[in-house]
Number of protein chains: 2
Amino acid sequence: MIQDRALRPNTKVLPEHIRLNNRTLVLQTLYRTGLQSRADLARETGLTRVTVSDLISELMGENLVIELGQRQESRPGKPATLLDINRAAFQIISLDLSGHTRLRGAVLSLDGAVLSSSGLDLAGARGEAAFDKVAELLAQVIARATAPILGVGIGSPGIVDRAGVVRNAPNLGWRDQPLQARLQDTTGLPVRVVNDANAAVLAEHSFGGADHDLLLVKVGHGVGAGLLIGGRAIFGERFAAGEIGHVVVGTDDGPLCACGKSGCLEAWLSVPRLTAAIHDATAAAATPADAERAIFDILSEAGRRLGIILAPVVGALNLLEIVLSGPPELLDGALSAATVETLRSRTMATETGDLTLRMTAQGEDIVLRGAAVMVLSAQLGVS
Amino acid sequence: MIQDRALRPNTKVLPEHIRLNNRTLVLQTLYRTGLQSRADLARETGLTRVTVSDLISELMGENLVIELGQRQESRPGKPATLLDINRAAFQIISLDLSGHTRLRGAVLSLDGAVLSSSGLDLAGARGEAAFDKVAELLAQVIARATAPILGVGIGSPGIVDRAGVVRNAPNLGWRDQPLQARLQDTTGLPVRVVNDANAAVLAEHSFGGADHDLLLVKVGHGVGAGLLIGGRAIFGERFAAGEIGHVVVGTDDGPLCACGKSGCLEAWLSVPRLTAAIHDATAAAATPADAERAIFDILSEAGRRLGIILAPVVGALNLLEIVLSGPPELLDGALSAATVETLRSRTMATETGDLTLRMTAQGEDIVLRGAAVMVLSAQLGVS
DNA sequence: TTTCGTTCGTAAGGTTTACTAACAAACATG
DNA sequence: CATGTTTGTTAGTAAACCTTACGAACGAAA
């Protein structure tokens, strides 16, 4: 009876919080569907036209919503005044720090479209030097914005806590780096820092359409995952959810990993390992056909290993949708085919609903767009 | 800024919803700590004394809260009137349908203590006959209640959806059995039906103390798991979360399972399999020492297999706490030792915080108590 | 013993919120 | 041209919390 309202009451609620909730609800509805009248919004949200009008006038006062003239449809009754989020009024800045050698940055529209992008070579910088590079790139990207900036979203590799402190990022040489707070200070803008794979899964969720629970596996220099259940990202007790790169696969040793263990997923699946293996196999092959077969075997085995790791996760969480992000020439073929086949043969997937595995449609901008989702969610409550 | 309130605004909120939230907040606080004054509650919840007084008088009107005289402490100021949940005013009925041959039922106090318990042999009943057995047991248990009944909680094996429909429970011969609705009709009481492992993890969470994310593995005739993340149970897209019994372990075949695959977790770990293997080994052993060693090996290997399945889940979710439920003579020893050792050696557990694995402290009543938690949560918003 | 400060619970009045009811404006249709 | 429909606004109401103020009951100190 009570739990139906799904509010887990851990905090008190005041009348003014109602306002915030309903305001966000209206903004959310408008963000998703766009071009609706006040009456439409009232019907869709369940609020009355009066309340919607009031909220809309507040939102228009903040330049978040604009009127776009009357609906042209020919109907009885007074014509509706169409509204939309003022999509040109603000822009979002995103950084992707997950590249092994190169940082990326972009200006995005409120819709998550990349308006202009920049890059900066890390050039081996670590620790404070790496921070300086990030700050430099951020300043560059900010300078390219052509509208007021709603906020800054950053996808960082490593373990990032809820306050945007990068607890541990080996590649950048960071330990307990309070990236969010520092950049917020230097820029004066709202900043959100999240793990790159978590950003990616948010992008896939918001822009990829389906409203399923989602596991995204990001294959790059390392292997990480982002997990979204019931519309919420899972961060983990120590903010290390998705760190599956150093979980051992299978019961037959496997290649030695940099971490000291044998048979880690990363030792099978990371881009450097795969390219090296393919390179070696190609060099050793007598004929092009031999090379092709060898490459197929390497990718299939990597895919199988990924499937073996994912099977218990898929079973335990009853996941129906898995998305891969990374170089398509490696992932999108024998590898993903082997993964999905392994998954199906090792779980009860057929019993509990069909399992889907696919490449992301977001391409290389996935982390940038996901970081933008964080900003939208934090600043507007919208996604 | 906005997302800080953590209300995902998918529905409108009205002023009266505030009341419900704060009422539940007060009740929750009182349920957890017990014996507090109105002023104490005001301090703890952040609400004013006025509002708390108002809510309390409402709750006292429903006989949910009672006054227990004045606090005996010697302090300046007017002495406080102590309040508590009226723990004797209501009782909860729970059923545990997960036994392979025997159904269990109990009357519980609002604190989750078992007041009286009953049982009924399934005697091989399936389908409608099994339903009749359940209804019969429920009527028996209801008759033993000595106070108004708050509700009925039922832990059922198999896949149970949010509406309490048992989608699939092979042992009971049920498919799409609307257990919750049917029993609600026959008894006129509020009924909640959940999967047995999910009930178990709720019990462990509510009565076990720690507020960690939690994975509970329930080993019985089959093997299932319940998962709790951020205080919420995970049900899965098709309500089959936790169904890890038929996930294949490792890359070396393993024993044939009833489901047709080889090396399913259940084929290694279920109670019938383990007892049979131990029986055979004991019969074949030349000396008692040999038998003991053989048993140790069997249990260790089973534990290792469990660890292999759990490692990816622990890594992906960054879990710190795993609880085992089942026969202690099988689980609590070589088996759990092997599991935790396997987990630590196959994940980065040491890097991301210490991993705990332990037996449940709830014993055999775990499902009954978990089902009671469902009722408390549904009827009072409390847990 | 009296006075003072403290704490508890309640009463009265104010603010915020969304609701209902009613209305004018603008349009299509018969 | 009258009628019905739809839109958005105005006015008034109900519910929820808050702030302010107060009496009651107690310990400590004069």
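Remember, it's a predicted structure, so these values are computed and weren't measured experimentally.
- The shortest side-chain heavy-atom distance between B/L110 and B/N86 does not fall under the 4.5 Å cut-off.
- For B/P79, the listed nucleotide lying nearest its side chain is D/dC26; candidates were D/dC26, C/dG9, D/dG8.
- In this view, A/E62 and A/R23 satisfy the side chain to side chain donor-acceptor pair (under 3.5 Å) rule, not counting sequence neighbours.
- Taking five base pairs at each end of the helix from C/dT1-D/dA30 to C/dG30-D/dC1, the local helix axes there meet at an angle of 10°, rounded to 10°.
- A distance of 6.5 Å separates CG in A/L319 from CD1 in A/I229, rounded to the nearest 0.5 Å.
- Between the CD atom of B/Q72 and the P atom of D/dA25 there is a distance of 16 Å, rounded to whole Å.
- No engagement by B/R71 is indicated, since no non-hydrogen atom pair under 4.0 Å with the nucleic acid exists.
- Among residues two or more places apart in sequence or in another chain, the side-chain contact (heavy atoms from CB on, under 4.5 Å) test is passed with A/E16 by A/L14.
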Polar atoms only, N or O, under 3.5 Å: list the protein pairs with nucleotides 1-5 of chain D and their distances.
from, atom 1, to, atom 2, distance (Å)
D/dT5, O2, A/G77, N, 3.1

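- B/Q36 places its CD atom 16 Å from the C1' atom of C/dT7, with the value rounded to the nearest Å.
- Between B/L14 and B/R38, the residue anchored closer to the 5' end of DNA chain C is B/R38, taking for each the nucleotide with the nearest heavy atom.
- Between B/S53 and C/dT10 there is a side-chain polar atom (N or O) within less than 4.0 angstrom of OP1 or OP2.
- In this structure, CG on A/N10 lies 9.0 Å from OG1 on B/T29, to the nearest 0.5 angstrom.
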Q. When you check every protein heavy atom under 4.0 Å of nucleotides 11-16 of chain D, what one-letter string (B, S, -) results, 5' to 3'?
A. -----S
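- In this structure, CG of B/L20 is placed 11 Å from P of D/dC17, rounded to the nearest angstrom.
- Listed pair B/S37 / C/dG9 meets the phosphate criterion, a side-chain N or O lying under 4.0 Å from OP1 or OP2.
- Residues meeting the side chain to side chain donor-acceptor pair (under 3.5 Å) test with B/Q180, sequence neighbours left out: none.
- With respect to B/D185 and B/R182, no salt bridge is recorded, no charged nitrogen being found less than 4.0 Å from a carboxylate O.
- Between B/E58 atom CD and D/dC17 atom C1' the separation is 14 Å, expressed in whole Å.
- For the 3.5 Å distance criterion, the side chains of B/S37 and B/D40 qualify, holding a donor opposite an acceptor.
- The side-chain tip of A/R369 points at the ring of A/F207 from less than 6.0 angstrom away and within 45° of straight on.
- Rounding to whole angstrom units, CD of residue A/Q70 and C1' of C/dA25 are separated by 11 Å.
- At the phosphate of C/dC8, OP1 or OP2 sits under 4.0 Å from a side-chain N or O atom of B/R43.
- Between the P atom of D/dT7 and the CD atom of A/E67 lies a distance of 15 Å, rounded to the nearest Å.
- With rounding to whole Å, A/D54 atom CG is found 10 Å from D/dT10 atom P.
- Look at CG on A/N21: it is 13 Å from C1' on C/dA18, rounded to the nearest Å.
- Taking both residues in full, the closest heavy atoms of B/H205 and B/H212 are given as ND1-O, 4.3 Å, listed atom of the first, atom of the second, then distance.
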Q.
Run B/L376 and B/S383 through side-chain contact (heavy atoms from CB on, under 4.5 Å) and show every step you take.
A. CA-CA 6 Å; B/L376 282 167; B/S383 59; 5.5 Å; no
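- Of the listed residues (A/R49, A/R38, A/R19), just one forms a salt bridge (charged side-chain N to carboxylate O under 4.0 Å, His left out) with A/D54, and that residue is A/R19.
- Along DNA chain C, the nucleotide nearest to A/R75 and the one nearest to B/D40 differ in position, and the one closer to the 5' end is contacted by B/D40.
- Taking side-chain N and O atoms only, B/T48 has no distance below 4.0 Å to OP1 or OP2 of D/dT19.
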